[in-house]
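All residue numbers refer to positions in the sequence shown, counting from 1. Values below: every heavy atom of this structure, side chains too, minus hydrogens, waters and symmetry copies.
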Amino acid sequence: MANFYQDTPELKHHLNHPLMKRIVELKERNYADKDNFDYAPVDFEDAMDSYDKVLEIVGEICGEIIAPNAEGVDHEGPSVSNGRVTYASGTIENLDATTKASLMGIAMPRRYGGLNFPNVPYMMAADMVSRSDAGFENLWGLQDCAETIYEFATEDQKKRYITRVCQGATMSMDLTEPDAGSDLQAVMLKATYSEKDECWYLNGVKRFITNGDSDIHLVLARSEEGTRDGRGLSMFIYDKRNGGVTVRRIENKMGIKGSPTCELVYKNAKAELCGDRKLGLIKYVMALMNGARLGIAAQSVGICQAAYNEALVYAKDRRQFGKAIIEFPAVAEMLSLMKAKLDACRSLLYETTRFVDIYKALDDIAKERKLTPEERQEQKKFSKLADSFTPLSKGMSSEFANQNAYDSIQVHGGSGFMKDYACERIYRDARITSIYEGTTQLQVVAAIRYVTTGAYLNQIREYEAMDVAPELEGLKNRLKDMASKYAAVVTQIIEAKDQELLDFCARRLVEMAAHIIMGHLLLQDASRNSELFNASAQVYIRFAEAEIEKHINFIRKFDKDDLAYYRK
């Protein structure tokens with residue numbers, strides 16, 4: 001039987017990271033739930049065993065149900081009739097399987113029907129689901145919207161809505177409009193409060209809404225009359241059972257076809273305010289988007305894995321000139337770099353997720369009691385790390401997903417251009433990852449301040465201080481050399497005091513930081529398990545050296561007057 005957890009030992013490696021001890025300790029609050037829930041863990045080992053067993057179930061569902069359904073779902077797709085969406089038959093089967101296995105609300109507290117898992121095992125589940133079918137991940141993974149309800153809604157709302165998500169209700173986040181894409185300050189869907197009915201009514205149009213006919217929607221709408229910026233926006237919860245929202249159409253997309261991307265029409269749709277007025281964009285969407293970006297990073301890693309697997313199997317089977325094509329150096333090099341990119345972005349994903357887990361758990365504890373000074377310091381540290389690493393993870397993982405999907409097609413040759421092979425679907429599915437939930441360019445905008453403030457360099461120095469296996473010291477020294485060159489070119493740009501120059505060089509500076517960080521993470525992985533990661537560490541660090549030299553040469557030879565050639 002196919003099991004995507006058991007056949008990917010890298011997942012268990014990351015699950016058993018030393019920092020998990022602290023994450024579980026914070027998440028389980030001295031294992032207090034054991035007195036009220038018979039499935040709650042009694043200690044750290046019990047918690048880790050629970051994660052392991054549930055991930056095995058996820059792996060089996062992915063290997064036996066979701067992956068075999070992927071091609072059929074891609075061809076059938078969802079349909080819309082009378083303003084309602086009908087999923088493809090395979091999608092319905094997938095949702096039924098994941099719901100029956102209690103995989104909805106996986107990260108929600110047990111008192112609402114969830115499993116109270118940290119984000120690390122949750123992202124591993126998302127990683128596997130995405131490998132199976134990236135389009136289905138867009139339905140299953142949107143359960144993460146429940147985190148926003150958990151963080152900001154009233155207790156009554158949490159009980160009513162999170163409980164339903166844990167029982168299988170689907171979710172969506174309704175942000176984008178025809179005239180408000182990346183610039184969400186331009187959202188104009190109108191929210192009007194009725195004193196008579198003591199509720200809000202929503203009117204307007206939303207576009208490009210993933211899983212737009214979901215059971216429960218988080219909706220960004222303009223609640224303040226006469227405003228036109230982010231300060232006039234609030235967050236609302238809309239329940240499909242109340243009516244008032246119809247699906248005008250499903251977009252005819254290039255990929256992720258199993259996931260209905262909808263245009264929605266709101267006509268006096270009854271809704272509830274989530275949190276406080278005026279904080280919809282400023283506070284709640286920012287939190288929602290950070291979670292979504294981590295989810296897309298996991299989706300990208302899953303696509304990287306799928307693309308690599310398809311290429312590897314084909315290269316071993318396909319024979320030309322009397323031997324398997326994997327024996328040709330040009331193909332072998334492609335495959336080794338695909339694997340290195342996969343391992344690098346997966347390491348970055350789980351490092352980022354560990355940072356998120358610690359600061360979010362401390363945020364949650366702070367609602368129950370006053371944090372100690374040490375806990376406040378820990379919360380501040382990991383919050384900054386999570387904020388700085390999230391755009392790196394989303395940006396680099398999505399770009400690598402596209403590169404691996406491209407290379408998978410190339411390994412297949414002409415066959416890869418045909419719909420007979422899964423790599424064709426994977427290639428189409430990969431393309432959206434560097435666009436939605438903030439394009440790669442917007443991830444650079446979010447990340448560049450951590451270049452200029454020295455935050456990335458400081459973290460790189462921390463990695464440099466960590467021990468590695470003796471045989472890896474040479475690679476570590478090469479990373480140190482890269483970091484020195486990176487620091488010098490950052491100083492050069494900052495001292496120029498030219499914002500336009502900084503903006504122009506931002507992508508290269510951010511990528512350089514990411515390459516060095518991922519190199520160090522792979523060294524740490526290889527030190528713990530040389531058999532799994534040694535080859536990828538060697539290949540990736542050589543790749544990183546070439547990329548960094550390329551960026552440095554471009555920046556050092558770039559004159560301010562050259563900017564004129566790039567202006568349009």
Salt bridge check: are [X] and [Y] linked by an N-O gap of less than 4.0 Å?
{"X": "Lys12", "Y": "Asp52", "answer": "yes"}
{"X": "Glu375", "Y": "Arg369", "answer": "yes"}
{"X": "Glu545", "Y": "Lys485", "answer": "no"}
{"X": "Lys53", "Y": "Asp49", "answer": "yes"}
{"X": "Glu464", "Y": "Arg461", "answer": "yes"}
{"X": "Arg29", "Y": "Asp364", "answer": "yes"}
{"X": "Arg131", "Y": "Asp7", "answer": "yes"}
{"X": "Glu547", "Y": "Lys550", "answer": "yes"}

Checking [X] side chain against [Y] main chain: does a donor-acceptor pair fall under 3.5 Å?
{"X": "Thr453", "Y": "Arg449", "value": "yes"}
{"X": "Ser336", "Y": "Glu333", "value": "yes"}
{"X": "Lys394", "Y": "Thr433", "value": "yes"}

Check your understanding: Is it true that the NZ or CZ of Lys360 lies under 6.0 Å from the centre of Tyr122's six-membered ring and within 45 degrees of the ring axis?
Key -> no

Point to revise | Test: Arg508 cationic atom under 6.0 Å from Phe554 six-membered ring centre, within 45° of axis | key: yes

Of all heavy-atom pairs between [X] and [Y], which one has the smallest distance, and what is that distance?
{"X": "Arg556", "Y": "Ala488", "value": "NH2-CB, 4.1 Å"}
{"X": "Ile106", "Y": "Gln143", "value": "N-OE1, 3.1 Å"}
{"X": "Ser347", "Y": "His14", "value": "OG-CE1, 3.5 Å"}
{"X": "Leu342", "Y": "Cys304", "value": "CD1-CB, 3.8 Å"}

Point to revise | Distance-only donor-acceptor check, side chains Asn138 and Tyr436, under 3.5 Å | key: yes

Review point. Stepwise, does the side chain to side chain donor-acceptor pair (under 3.5 Å) test hold for Glu25 with Asn30?
Key: CA-CA 7 Å; Glu25 177 185 73; Asn30 296 320; over 6 Å; no

Check your understanding: For the residue pair Phe504 and Phe558, does the interplanar ring angle fall in the parallel (under 30°), tilted (30 to 60°) or perpendicular (over 60°) class?
Key -> parallel

Review point. Listed by chain and number, what are the side-chain contact (heavy atoms from CB on, under 4.5 Å) partners of Glu60, not counting sequence neighbours?
Key: Met1, Asn3, Glu64

Study note, to complete from the structure: With sequence neighbours left out, the residues meeting side chain to side chain donor-acceptor pair (under 3.5 Å) with Thr440 are Glu399

Revision key, fill the gap. The salt bridge (Lys or Arg N to Asp or Glu O under 4.0 Å) partners of Glu500 (sequence neighbours excluded) come to Arg567

